[in-house]
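Beneath this line is the structure, given in structure tokens, with notes to follow.
The figures that follow rest on heavy atoms only: side chains count, while hydrogens, waters and symmetry mates do not. We count ligands from 1, going down the list as the structure has it; atoms in each ligand are counted the same way.
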Amino acid sequence: ELEQRGPDAHLRMVLRSPNSERTPEDLELIYEDLCMQKALAHLPNSVKRELASVVVFEAHPKLGHTLFRQGDEGKAWYLILHGAVTVETYSKGVVETLYEGEDFGGLALIHNVPRSATITVKEDNTHLLRVDKDSYNKIVRDIETNTVKLKEIGNDVLVLEKSPRLHKYMIIAGTPQKILEHLLEHRLSNTNVAGSRNDPCLDDFLLTHIVFMPTRTLVSELNKYYHMENPAQDREYTINCKRKVVQFVYRWVVTIRHPVFDDVVSMSFLEELASDVEADCQLLGGKSQALQEEASLMHHIMSRLRRYQDERLETSGLKWKLPPGGQPICLFTAMNSTSKNSSRSIIRPMDDIIFRVYCADHTFCTLRLPVNATAEAIKVGAYEKCSLRHPVSDLRIVEVKSNGERVPFRDSEHSIPTTVALNSCIFLTPKDHMDALTCVPEQEKSEGAEISGDFESLSTKELAYHMTLFDWELFWNVHEYELIYLTFGRHRFQQITANLDIFLRRFNEIQYWVITEICMSQNISKRTNILKKMIKLATYCKEYYNFNAFFAILMGLSDVAVSRLSTTWDKLPSKSRKQFTEYETLIDPSRNHRAYRITVGKLPSPMIPFMPLLIKDMKFTHDGNKTHVDGLVNFEKMHMLAQTMRTLRYCRIRHLVLDPPVSKNEADVKSYVSCLRCINNERTLMSMSQKLEPRRT
Ligand code: CMP
């Protein structure tokens with residue numbers, strides 16, 4: 001009966017013969033048999049023909065034989081013809097049984113890494129087909145099944161898919177633990193840290209793990225892996241696990257930077273790991289100097305951490321100020337811009353922010369609270385200072401926009417001062433009085449701060465230069481994580497997006513400043529002049545690769561309040577007109593901003609990207625893809641999110657260095673750029689525009 005299920009006696013004999021002795025008839029016989037194997041059904045027949053000359057038959061009459069162990073070098077790929085084998089890992093014991101028609105052992109070959117599991121024959125009379133590594137790489141590797149599913153106790157735990165371009169499996173889905181385990185085992189180079197730099201899966205994981213695996217879980221898994229026991233007492237294996245963890249942590253710190261140091265959980269993990277590695281280096285190192293390189297990596301990380309902590313101490317008293325109308329932006333950054341210390345002007349959750357809270361009668365109090373304070377905290381703070389007769393539970397924090405729109409906050413919402421819109425004010429009001437709130441005069445006036453200098457008299461090139469430096473600083477402070485926080489909701493992570501908020505607000509500021517400048521010019525020739533100068537400004541911004549400002553200016557110029565001023569446009573020199581038309585195609589949103597994407601795709605770093613588009617990409621990815629599918633993390637979604645986050649990183653690979661233009665009045669230009677006046681009430685702007693050029697009837 002057994003004979004019937006396995007290959008017949010003749011075939012077995014043929015399969016056992018050395019490959020070089022196989023006759024054409026033998027090969028034909030093997031080929032026909034391979035054609036009937038379910039596990040090979042996906043392979044083209046031409047490949048089966050090639051396989052016929054290289055497969056070796058392996059029979060295991062008794063159960064219990066171990067084919068190879070976790071950590072061994074990978075030498076062959078196997079296919080089960082009959083019987084079963086168990087898959088066992090050091091961390092979990094037996095995780096799965098594989099049966100007839102299933103294959104195993106390809107992972108180690110394709111990634112050129114040690115075996116990720118121990119394989120033991122589970123049934124008597126187990127028959128296998130074996131293809132050695134060289135033949136596998138020559139024949140099977142490129143066409144072998146595109147999807148690999150690893151199971152544990154019958155459930156999928158990791159789904160991989162071959163990337164033809166990279167000769168690697170990409171992670172498609174998996175449980176957080178298995179994904180991490182796979183990364184540690186397959187995606188870190190054995191020999192050096194640099195080797196793993198280019199693995200996109202590792203980078204994807206580092207950038208997005210907070211979505212599906214909180215840092216607390218991550219570090220506890222890393223800890224387990226670092227201290228992994230292996231029953232075979234294999235010293236090499238033990239050392240290897242420790243190396244992997246250190247290398248992983250090193251990449252983590254390099255990729256994510258300060259948020260790793262800001263989080264108490266990861267910080268104390270780092271401290272502990274550093275001392276463990278130190279101890280293990282002494283204990284296990286000996287003559288072989290094992291873990292030496294890892295110890296020095298940990299030193300490197302720890303000195304980075306210390307430097308960061310010192311820096312934080314220096315700036316611990318940092319406070320930010322929200323001007324009455326939410327403007328100008330410069331108050332958020334200008335304080336330390338001369339400092340060489342790049343992390344100084346980053347807004348952090350525990351920094352204080354000073355801002356006003358208004359009451360319905362436009363009296364106000366000034367509060368100083370941490371940036372991440374909740375609406376509840378603001379409510380209580382303001383309640384103590386203002387004399388309202390209502391019980392605090394009846395009160396609400398409301399944003400009143402410059403167009404009069406009112407947006408109430410839930411008590412649990414946080415980082416309100418930085419998230420309110422340009423020219424918005426924060427109000428404290430009894431719930432049922434909300435509809436009676438009106439704007440305070442500051443919101444409607446055109447300036448938040450006194451204006452120094454006049455747009456027309458300043459050099460356009462100098463303006464573009466200083467605007468770009470200003471924007472660069474804001475852009476530099478935005479962390480990739482903020483894109484995730486914004487997309488998935490800040491509250492989910494208890495984190496702030498203040499740096500991103502401020503940068504986006506700057507976009508609006510520039511956009512409305514353009515409209516305001518034009519609508520405030522009474523005289524037609526002055527207005528034409530300003531229009532021309534704005535187009536010129538856009539040109540310079542584009543030359544500096546400041547696409548954020550470029551888009552803001554162009555969108556300002558395309559606003560109806562400006563575009564309807566046909567007399568002004570008619571007087572524009574044809575050169576400017578032509579340039580504007582050309583720019584309009586660049587900002588054209590059709591086909592998902594194709595024109596812009598193609599243009600920037602070809603440009604080198606550094607540049608300042610059109611930020612709202614990155615936000616849109618994140619949101620689309622998020623809305624269009626589930627985070628979990630069938631209980632597994634949808635890693636393809638993580639990959640897409642990480643792609644967008646990498647754009648940010650790419651733009652800043654190099655620090656911006658521009659040749660300063662010949663300066664006539666640098667101080668004036670700088671202060672002008674940081675305090676742009678702007679009205680952002682569409683209705684006000686429209687009526688100003690109508691007064692300038694009443695529609696002819
Ligand atoms: P490789 O790492 O080369 O050697 C062990 C093999 O076991 C591995 O390739 C996979 O083909 C197979 N395998 C099946 N299920 C699992 C699992 N849950 N974890 C690890 N390996 C598995």
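Not counting sequence neighbours, T255 has no partner by the side-chain hydrogen bond (donor to acceptor under 3.5 Å, both in side chains) test. Scanning for side-chain hydrogen bond (donor to acceptor under 3.5 Å, both in side chains) contacts around R306 gives E271, Q309, with sequence neighbours left out.
Heavy atoms only, all atoms of each residue included: E185 and Y237 are closest at OE2-OH, 4.2 Å.
The side chain of I119, and not its backbone, has at least one atom closer than 4.0 Å to an atom of ligand 1 (non-hydrogen atoms only; side chain from C-beta on). Contact annotation for E96 and ligand 1: no heavy atom of the residue comes within less than 4.0 Å of the ligand. Contacts with ligand 1 closer than 4.0 Å are made by side-chain heavy atoms of V95 only, the backbone lying farther away.
In this structure, the side chains of E278 and H299 come closer than 4.5 Å at one or more pairs of heavy atoms. Side-chain contact between I171 and H639: absent, with no pair of heavy atoms (C-beta onward) separated by less than 4.5 Å.
Here the heavy atom of the protein found nearest to atom 18 (N) of ligand 1 is K151 O, 3.1 Å. Nearest protein heavy-atom neighbour of atom 16 (C) of ligand 1: V87 CG1, 3.6 Å. The shortest contact between atom 12 (C) of ligand 1 and any protein heavy atom is with F104 CB, 4.0 Å. The protein non-hydrogen atom at the shortest distance from atom 6 (C) of ligand 1 is G105 N, 3.8 Å. In terms of protein heavy-atom proximity, atom 4 (O) of ligand 1 is closest to R115 CD, 3.4 Å. The closest protein non-hydrogen atom to atom 8 (C) of ligand 1 is S116 OG, 3.8 Å. Nearest protein heavy-atom neighbour of atom 15 (N) of ligand 1: L150 CD2, 3.7 Å. Closest to atom 19 (N) of ligand 1, if we only count protein heavy atoms, is K178 NZ, 2.7 Å.
For atom 9 (O) of ligand 1, the choice among L98, V94, L107 with the nearest heavy atom turns out to be L107.
Using a 4.0 Å cutoff on heavy atoms, F68 counts as a contact of ligand 1.
In summary, D617 and R597 engage in a salt bridge, as defined by a charged side-chain N under 4.0 Å from a carboxylate O.
Less than 6.0 angstrom separates the ring centroid of F205 from the ring centroid of F212. Ring centroid separation for the pair Y481 and F493 does not come in under the 6.0 Å cut-off.
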Step by step, would you call S220 with N223 a side-chain hydrogen bond (donor to acceptor under 3.5 Å, both in side chains)? CA-CA 5 Å; S220 113; N223 230 333; over 6 Å; no
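Taking the six-membered ring for Trp and thresholds of 30 and 60 degrees, H182 and H186 have nearly parallel ring planes, at less than 30 degrees apart.
Close contacts of ligand 1 with E152, meaning ligand atoms under 4.0 Å from a residue heavy atom, involve 18 (N). Proximity to A108 (heavy-atom distance under 4.0 Å) selects the following atoms of ligand 1: 1 (P), 2 (O), 3 (O).
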